[in-house]
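Note that the structure is predicted; figures quoted are calculated from it, not measured.
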Amino acid sequence: MVFLRNFTPHLFLDSIFALPLDKLKKRGIALFIFDLDNTIVPWKSLEIDEATIAWFRGLPRYNLKACLLSNNKQDRVGQAANKLEIPFVCNAAKPFSHGFKQVFDMLGVPPQQTAVVGDQLFTDVWGGRRAGCFTVLVKPSSQQDFWGTRNVSRRLERLFWPRVEKNMKQQY
């Protein structure tokens, strides 16, 4: 179903650590756009563990770039980006395309060579799909969420998930 494709990730993984970097590089991916909350850190936390920092610092070995794209505010996203030593775009209004386009322009990588990695179907996957990117859904790193995410997005995700999961099996 074409409608469901908009919400169907190309990959569904436990965490960013499960990303198959070699395979994605061979597929032509040169840039990862990461969501922040519940993708890299639990919601409202800026505690980034050493394993995560090391993982991000290892991306250049694969000749891969990374960027944070978040609907959150500049101070929060900027602090995380500084710890990870990567650029960022905040107040992105995902799933709308403006923030994604800012990243493409800033880093000089086209959407076809970009993977969007996040924990939400309606912001990260849908936004990445709309922007023309490869999409990766990861399990949320925490059960804590912004009230709008918890009360609207997560409830809708639970309704959509059986059909999205079936669509993933049919397409990939």
Side-chain angles (χ1 to χ4, degrees), residues 1-45 48 51-52 55-56 59 62 64-72 77 80 84 86 88-90 92-97 99-100 103-104 109 111-146 148-172:
M1 182 176 203
V2 175
F3 172 74
L4 282 176
R5 189 176 308 139
N6 294 320
F7 304 101
T8 303
H10 294 94
L11 283 177
F12 177 52
L13 304 170
D14 286 338
S15 75
I16 63 169
F17 297 111
L19 282 165
L21 298 178
D22 283 330
K23 287 182 182 178
L24 292 171
K25 180 71 179 168
K26 287 178 186 171
R27 186 183 178 106
I29 299 299
L31 168 64
F32 286 98
I33 296 177
F34 289 95
D35 175 50
L36 178 61
D37 289 310
N38 280 335
T39 299
I40 295 173
V41 296
W43 181 68
K44 277 201 161 186
S45 173
I48 303 176
T52 302
W55 189 87
F56 273 89
L59 289 176
Y62 293 88
L64 294 168
K65 296 178 181 181
C67 182
L68 290 180
L69 178 67
S70 176
N71 290 345
N72 220 306
V77 183
L84 298 171
I86 61 174
F88 70 96
V89 171
C90 58
K94 294 181 290 182
F96 299 107
S97 60
F100 293 97
V103 173
F104 303 143
V109 178
Q112 302 83 355
Q113 295 177 348
T114 304
V116 175
V117 182
D119 68 298
Q120 293 187 54
L121 290 177
F122 298 108
T123 54
D124 306 311
V125 174
W126 189 25
R129 285 282 200 158
R130 291 181 65 184
C133 302
F134 185 87
T135 57
V136 181
L137 181 69
V138 295
K139 293 179 181 175
S141 61
S142 168
Q143 296 302 310
Q144 300 294 313
D145 267 319
F146 172 67
T149 302
R150 181 180 61 248
N151 294 318
V152 178
S153 297
R154 297 292 186 206
R155 287 181 180 181
L156 286 172
E157 284 179 358
R158 283 192 294 275
L159 290 173
F160 268 66
W161 184 249
R163 288 178 273 165
V164 167
E165 190 173 35
K166 182 178 178 184
N167 201 42
M168 283 187 337
K169 290 176 184 173
Q170 290 173 351
Q171 288 186 13
Y172 308 111

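Of all the heavy atoms in Pro95 and Trp126, the pair that sits closest is CG-CE3, 3.6 Å. Nearest heavy-atom pair across Val116 and Cys133 is CG2-CB, 3.7 Å. Gly118 and Asp35 get closest at one heavy-atom pair: CA-CB, 3.9 Å. Shown here for Ala80 and Leu36, the closest heavy-atom pair between the two residues is CB-CD1, 3.6 Å. Contact between Phe100 and Phe96 at its shortest, heavy atoms only, is CD1-O, 3.5 Å. Nearest heavy atoms, Leu69 versus Lys94: O-NZ, 3.0 Å.
Between Phe56 and Ile48 the shortest side-chain heavy-atom distance does not fall below 4.5 Å. Leu24 is not listed as a side-chain neighbour of Tyr62, based on a closest heavy-atom distance of 4.5 Å or more. In this structure the side chain of Leu21 reaches within 4.5 angstrom of the side chain of Trp55, judged on heavy atoms. Contact check for Leu121 versus Pro9: side-chain heavy atoms found under the 4.5 Å cut-off. By the 4.5 Å heavy-atom criterion applied to side chains, Ile16 and Thr39 are counted as neighbours. Contact of the Pro111 side chain with the Phe104 side chain is registered, since non-hydrogen atoms from C-beta on lie closer than 4.5 Å. The shortest side-chain heavy-atom distance between Thr8 and Arg129 falls under the 4.5 Å cut-off.
The distance from the OG1 atom of Thr135 to the CG atom of Asp124 is 9.5 Å, given to the nearest 0.5 Å. Of the inter-residue distances, the one linking Leu59 atom CG with Phe34 atom CZ reads 6.0 Å to the nearest 0.5 angstrom. Note: Lys25 NZ to Gln113 CD = 8.5 Å, rounded to the nearest 0.5 Å.
Side-chain atoms of Asn71 come within 3.5 Å of backbone atoms of Ala93 as a donor-acceptor pair (strictly under, hydrogens ignored). For Thr114 (side chain) and Leu31 (main-chain N/O), no donor-acceptor pair under 3.5 Å exists by modelled atom type. Panel note: side chain His10, backbone Val136; no donor-acceptor pair is recorded below 3.5 Å.
Under the side chain to side chain donor-acceptor pair (under 3.5 Å) criterion, Asn72 pairs with Asp37, not counting sequence neighbours.
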